[in-house]
Chemist: 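After the structure tokens below, expect a handful of questions from me.
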Amino acid sequence: MHRASALKERIYVAFTTLAVIIALRAHDHHPTAGLALGTLAITVTATICAVYVAGLLSHMVIHEQLPTSGEHRRMIADTFGAGTVAVPPVICLIPAHFGLYDTATGLVAAMLVTTCTLAAVGILAVRRLTVPRGQRLAILTAHCLLALAVIALELLSHR
């Protein structure tokens with residue numbers, strides 16, 4: 001259960017990161033790399049805080065008590081660990097901040113890296129299933145189609 005929760009949090013942060021990158025590309029024709037990095041940092045930080053509060057509240061509702069210190073440390077580690085999925089898109093934007101390429105290129109690279117991260121998470125998750133190969137392929141296909149649907153909805157919301 002612990003690993004599933006940590007994975008779920010990373011997926012939330014990855015989709016949030018992708019939504020921010022899409023919004024930056026759609027609404028600001030010439031965003032600066034500094035603006036993109038700042039917006040991404042604020043949004044990821046806010047998402048991590050929201051994930052922490054949701055985890056804490058859900059623990060209290062389910063267990064009818066506060067988490068023990070060990071449980072709380074694990075919750076904090078998992079929550080902040082979810083932020084690691086935002087590191088690759090940030091790395092894509094840093095060269096743009098230093099003028100090595102334009103911000104639009106950095107945002108496209110960040111979109112691709114984040115999409116690949118989501119695909120890799122799906123592949124790793126499905127690979128560990130103890131079901132026949134055909135079912136794993138069907139599950140992975142469904143995962144990819146759902147991820148593409150989410151991305152399409154994000155793109156559509158910024159038209």
Side-chain angles (χ1 to χ4, degrees), residues 1-25 33-95 97 106-107 109-155 157-158:
M1 184 67 170
H2 161 69
R3 288 174 55 199
S5 178
L7 177 63
K8 181 174 60 172
E9 291 167 1
R10 283 173 169 76
I11 292 169
Y12 289 152
V13 173
F15 272 118
T16 301
T17 299
L18 190 57
V20 168
I21 294 165
I22 289 169
L24 284 166
R25 284 206 25 93
L35 173 73
L37 286 165
T39 302
L40 197 56
I42 291 167
T43 304
V44 168
T45 301
T47 303
I48 288 170
C49 290
V51 166
Y52 169 75
V53 170
L56 183 62
L57 290 174
S58 65
H59 182 280
M60 290 188 303
V61 167
I62 291 168
H63 300 287
E64 299 176 350
Q65 64 183 12
L66 290 170
T68 65
S69 60
E71 291 169 330
H72 193 246
R73 277 193 302 275
R74 186 171 53 226
M75 287 172 62
I76 290 172
D78 288 349
T79 301
F80 284 101
T84 60
V85 298
V87 171
V90 166
I91 290 171
C92 291
L93 289 166
I94 289 173
H97 184 67
L107 289 169
M111 285 173 50
L112 292 172
V113 162
T114 306
T115 302
C116 289
T117 298
L118 287 165
V121 166
I123 290 168
L124 291 172
V126 170
R127 186 186 70 155
R128 299 184 71 145
L129 293 177
T130 57
V131 297
R133 184 177 300 203
Q135 287 180 352
R136 282 190 301 224
L137 185 59
I139 292 167
L140 184 58
T141 301
H143 164 79
C144 290
L145 289 174
L146 289 171
L148 288 172
V150 169
I151 292 168
L153 289 171
E154 289 174 358
L155 289 167
S157 72
H158 295 291

Chemist: Report yes if the side chains of Val44 and Thr16 come closer than 4.5 Å at any heavy-atom pair, otherwise no.
Modeler: no
Chemist: Starting at CE of Met111, measure out to CG of Leu24 and round the result to the nearest 0.5 Å.
Modeler: 11.0 Å
Chemist: Any idea which heavy atoms bring Pro95 and Cys92 closest together, and the distance?
Modeler: CD-O, 3.6 Å
Chemist: Could you report the tightest heavy-atom contact between Val85 and Ala14, atom names first, then the distance?
Modeler: CG2-N, 3.6 Å
Chemist: Closer than 3.5 angstrom, by distance alone: can the side chain of Ser58 be matched with the main-chain N or O of Gly55 as a donor-acceptor pair?
Modeler: yes
Chemist: Minimum heavy-atom separation for Gly83 to Val13, with atom names?
Modeler: CA-CG1, 4.4 Å
Chemist: Apply side-chain contact (heavy atoms from CB on, under 4.5 Å) to Leu18 and Leu118, showing your working.
Modeler: CA-CA 10 Å; Leu18 190 57; Leu118 287 165; 4.3 Å; yes
Chemist: Go through it in stages, so that I can follow the logic: the residues are Arg10 and Thr84, the test is side-chain contact (heavy atoms from CB on, under 4.5 Å), and I'd like the CA-CA distance, side-chain angles, deciding distance and then a yes or no.
Modeler: CA-CA 8 Å; Arg10 283 173 169 76; Thr84 60; 3.9 Å; yes
Chemist: Can you measure from CG (Leu57) to OH (Tyr52) and round to the nearest 0.5 angstrom?
Modeler: 9.5 Å
Chemist: Going through the distances and angles, do Val150 and Leu146 end up as a side-chain contact (heavy atoms from CB on, under 4.5 Å)?
Modeler: CA-CA 6 Å; Val150 169; Leu146 289 171; 5.7 Å; no
Chemist: Drop me the distance from His97's NE2 to Leu37's CG, to the nearest 0.5 angstrom.
Modeler: 7.0 Å
Chemist: Decide yes or no for Thr114 and Pro88: does some side-chain heavy atom of the first lie under 4.5 Å from some side-chain heavy atom of the second?
Modeler: no
Chemist: If you round to the nearest 0.5 Å, how far is NE2 of His59 from CD of Glu71?
Modeler: 3.5 Å
Chemist: Closest approach of Ile22 and Glu154, non-hydrogen atoms and distance?
Modeler: CD1-OE1, 3.4 Å
Chemist: Applying side-chain contact (heavy atoms from CB on, under 4.5 Å) to Thr39 and Val20, what does each step give before you reach the verdict?
Modeler: CA-CA 8 Å; Thr39 302; Val20 168; 3.8 Å; yes
Chemist: Rounded to the nearest 0.5 Å, what's the gap from CG on Leu140 to CG on Leu129? Could you check?
Modeler: 10.0 Å
Chemist: Restricting to side-chain hydrogen bond (donor to acceptor under 3.5 Å, both in side chains), what partner residues turn up for Tyr12, sequence neighbours left out?
Modeler: none
Chemist: Minimum heavy-atom separation for His72 and Leu56, please, with both atom names.
Modeler: CD2-CD1, 4.4 Å
Chemist: Find the distance between CG (Leu93) and CG (Leu107) and round it off to the nearest 0.5 Å.
Modeler: 5.0 Å
